Amino acid sequence: TRFGTAPAGNVSLEYSIDEAHTTWNYIGNKSAATTSYDWASVPPDALSETCKIRVTYLANANATNTGESEFYIRGAIAVTHPNGTEKGADGWRVGDPYAINWTKKGSIALVKIYYSWNNGSNWTPLNNNQSITASDGGYNWTINLTDTNVTTQGKIKVEDASMPGIVLGISSGTFDVRGRLDITKPNGPGDIVTYGGSQYNITWKKYSAISKVNLTYSKNGGLDDYPYSIQSNVTAGDEHCLWTVPDSIGYNLSVKIVD
């Protein structure tokens, strides 16, 4: 705020947020000769679209001036999670729950949360487009198995429900949302795979846009990192693969399927 030329002495600064500007709130005092004041700590309940500043010379209450134009005092939102580190093996997976977190400044009551799969070009609302209490500072998002676009360019936006498009925070960087593969057979110690008999039918469920999969197996429950190939480049949407079981007896076998 800049005052212009003033006599020696101090001035008092006040702000008003009501439309009629009948209520004034104290900000601070300052030497009039400095002609400016740095308002370092704006009160959190001062959010308004109809703000004005009034400056009054303390030595003469009639020497006062109110700013001609109204201005905004807005809150601020910062998304703290996700933060762009959720890539590759650390990326988010459809069907699983993940925490979205934010901080706020100002008395923001409600927020809405949005997800973008294309680095912010398009946004889709979360929580059925319902508002969330801003002071909660977090929301657990269980990513929809079938309706979520998988991506390497994900972003989250948290927005003041009362000031959409104006007061908002967007996650830094981009994060991954990847598809999901759940093996349904074999699914436990009760499954017996027999060499020399009919082919064993490995089955799975596919979620999201996965095109092809590779199947491998382990002889020690996965400790050997599944080095033995079953079949490669299988159409994921088939959701099954017939396995000609090799002559390799084992008691702790495990199957792995990978996009």
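Quantities reported herein were computed from a predicted structural model and do not represent experimental measurements. Numbering starts at 1 and runs along the sequence shown.
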Quiz prompt | Carboxylate-amine/guanidinium proximity below 4.0 Å for Lys205 and Asp182 | solution = no

Closest non-hydrogen atoms of Asn220 and Leu223, given as atom of the first, atom of the second and distance, are OD1-N, 3.1 Å

* To do: Please report the C-alpha distance between Ile143 and Tyr207 in whole Å, then the side-chain angles of each, then the deciding distance to 0.1 Å, and finally whether the side chain to side chain contact (heavy atoms under 4.5 Å, CB included) criterion is met.
  => CA-CA 11 Å; Ile143 303 177; Tyr207 303 98; over 6 Å; no

Given 3.5 Å as the limit, does a donor-acceptor pair link the side chain of Ser218 with the main chain of Ser254, or not? no

| Taking side chain as C-beta onward, heavy atoms only, is Trp102 less than 4.5 Å from Tyr139? | yes

Review point. Can any side-chain N or O of Asn60 pair as donor or acceptor with the backbone N or O of Asn62 at less than 3.5 Å?
Key: yes

Correct closest heavy-atom pair for Asp18 and Ser16 would be OD1-OG, 3.0 Å

message: Between Lys157 and Glu159 (side chain of the first, backbone of the second, donor and acceptor by atom type, cut-off under 3.5 Å), is there such a pair?
response: no

- Side-chain touch Thr235/Lys212, heavy atoms, less than 4.5 angstrom: yes

**Item:** Short side-chain to backbone donor-acceptor contact, Asp136 and Gly138, under 3.5 Å
**Value:** no

Using a 3.5 Å distance criterion without hydrogens, assess whether the side chain of Lys155 forms a donor-acceptor pair with backbone atoms of Ser171. yes

Between the CD1 atom in Ile113 and the CD1 atom in Ile156, the distance rounded to the nearest 0.5 Å is 7.5 Å

ask   = Judged by atom type as modelled, is there a donor-acceptor pair below 3.5 Å linking the side chain of Asn101 to the main-chain atoms of Thr80?
value = no

**Message:** Tell me if the NZ atom of Lys105 is crowded by more than 12 foreign heavy atoms within 6.0 Å.
**Reply:** no

Next on the checklist: With a 6.0 Å cut-off on the ring centroids, do His81 and Trp141 count as close?
Outcome noted: no

Residue pairs meeting ring-ring contact (aromatic ring centres under 6.0 Å, His included), one or both in residues 219-250, sequence neighbours left out, come to Tyr217-Tyr228, Tyr217-Trp243

Practice task
Check whether any side-chain N or O of Thr64 sits under 3.5 Å from a backbone N or O of Ala61 as a donor-acceptor pair, and report yes or no.
Solution key: no

Ion pair present between Glu14 and Arg54, side-chain N to carboxylate O less than 4.0 angstrom?
yes

Decide whether Thr23 and Asn25 meet the rule of one side-chain donor and one side-chain acceptor closer than 3.5 Å.
no

**Item:** Under-4.0 Å salt bridge between Asp96 and Arg93
**Value:** yes

Less than 3.5 Å apart, any donor N or O on the side chain of Ser12 or Lys30 sitting next to an acceptor on the other?
no

- Does the Glu239 side chain pair with the main chain of Ala236, one donor and one acceptor, at a distance under 3.5 Å? no

> Do Phe175 and Trp92 make the cut of ring centroids closer than 6.0 angstrom?
Replying inline: yes

Decide whether Thr244 and Gln199 meet the rule of one side-chain donor and one side-chain acceptor closer than 3.5 Å.
yes

Is there a side-chain contact between Thr148 and Tyr115, using heavy atoms and a 4.5 Å cut-off?
yes

Q: Answer yes or no: is there a side-chain heavy-atom contact under 4.5 Å between Ile53 and Ile27?
A: yes

For Lys219 and Asp224, the nearest pair of non-hydrogen atoms, with its separation, is N-OD2, 3.4 Å

